[in-house]
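Read the numbers this way: they start at 1 and go in the same order the structure lists the ligands and their atoms.
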Amino acid sequence: RRRRRLATTRGPGRTADGHPVALYGNIGSAEDVDGELEGVGLFRTELLYLHRTDPPGRDEQVAAYAEVFAALPGRRVIVRTLDAGADKPLPFLAAGEEPNPALGVRGLRLARRRADVLHLQLEAIAQAARDTAAEVWVMAPMVATVAEAAWFVAACRDAGLPTAGAMVEVPAAALRARSLLSVVDFLSIGTNDLSQYTFAADRQCGDLADLLDPAQPALLELISGCAAAGMAAGKPVGVCGEAAADPRIAPVLVGLGVTSLSMAPRAVPEVREALAAHTLADCRQLAAEALSAAGTAPLTVP
Ligand code: PEP
Ligand code: MG
């Protein structure tokens, strides 16, 4: 018992029978980096842009990215380009008054309208990446169509960033995972937003927690389709939303075929334990059961 604990408190993620599943951290700055991390699956870059009236300049950005990369030599760092709008409003990038900001000009939609801001960010990431031993990948938030993803990938390649992916946060993107993978190098499923948009349930509305539960079979079915498309294309498909941090759901996600799980660094040990307690066959069995569940029971109205 003691030995198993020791064996699972560090090191790469794997199932009881040795199937590797990368366990990455979600970070917002170098302060969040834990030296034990296998890598970073989601570097949220919004922090750099918050509480200011102008976008950060090139040098400031290069320094912030370089600090994170330097803390993770030899490891993968997936940088998400600016995800402004909706629950992450930025005064200098306001899309104007919107009746439904979550359904408005946010994420990559805003980046397409303010390509100057995106291009500067990609150039700064590329510059920081040139002088580092980290393996730097980039991905776009709130991708809805293959054309949007292709536009982003072209911008990344132009900036000298060879590995570019799309977040799957919108059901339309999940439904088109196979086509998306013909233009991007990897997918990363953001279950916080994917739940919100799949269930038409505001992610900030605590009263709808039952619909936002990552065990919901409709969410798992979308993830399953993405993972299957990834396996067919031979490209990585990870999960970087809160679902990945849930030790009850992590084995299910592995059973569906996702190749990495990215979460708050403090959640990694428990998820590593959960995977080490199941074989890949167990995970597949749990996934099949979860997919055939009925979802939330009806509410009893008093
Ligand atoms: C997500 O939507 O699941 C996600 C990881 O991105 P964020 O929580 O930053 O919107
Ligand atoms: Mg999101």
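For the ligand labelled ligand 1, residue R80 lies inside the 4.0 Å heavy-atom shell. For the pair E242 and ligand 1, no heavy-atom separation below 4.0 Å is found.
Ligand-side atoms of ligand 1 in range of R203: 2 (O), 7 (P), 8 (O), 10 (O), range being under 4.0 angstrom from any heavy atom. Taking a cut-off of under 4.0 Å to the non-hydrogen atoms of D193, the atoms of ligand 1 that pass are 1 (C), 2 (O), 3 (O), 10 (O). Counting the atoms of ligand 1 from 1 in the order shown, those under 4.0 Å from a heavy atom of G241 are 3 (O), 5 (C). Close approach of ligand 1 to L42 (heavy-atom distance below 4.0 Å) involves ligand atoms 5 (C).
Atom 2 (O) of ligand 1 has its nearest heavy-atom neighbour, among E169, M263, Q196, in E169.
Annotation: the span from L23 atom CG to R14 atom CZ amounts to 10.0 Å, rounded to 0.5 Å. Once rounded to the nearest 0.5 Å, the distance linking NZ of K235 with OG1 of T259 reads 13.0 Å. We find the CG-OG1 distance between L161 and T81 to be 10.5 Å, quoted to the nearest 0.5 Å.
The pair E38-R76 fails the salt-bridge criterion, with no side-chain N (NZ, NE, NH1 or NH2) lying under 4.0 Å from an Asp/Glu carboxylate O. Ion pair R44/D83 not flagged as a salt bridge, since none of the NZ, NE, NH1 or NH2 atoms sits closer than 4.0 Å to an Asp/Glu carboxylate oxygen.
A parallel orientation is assigned to the rings of Y49 and F92, their planes being inclined by less than 30° (bins at 30° and 60°).
Looking at ligand 1, you won't find any N or O of R106 less than 3.5 Å from one of its N or O atoms.
Near-neighbour remark for the Mg ion (ligand 2): protein N, O or S atoms under 2.8 Å are E169 OE2, D193 OD2; waters not counted.
Between L47 and G28 the shortest heavy-atom distance is CD2-O, 3.5 Å.
In terms of the side chain to side chain contact (heavy atoms under 4.5 Å, CB included) criterion, residue partners of R75 (sequence neighbours excluded) are, by chain and number, L72, P73.
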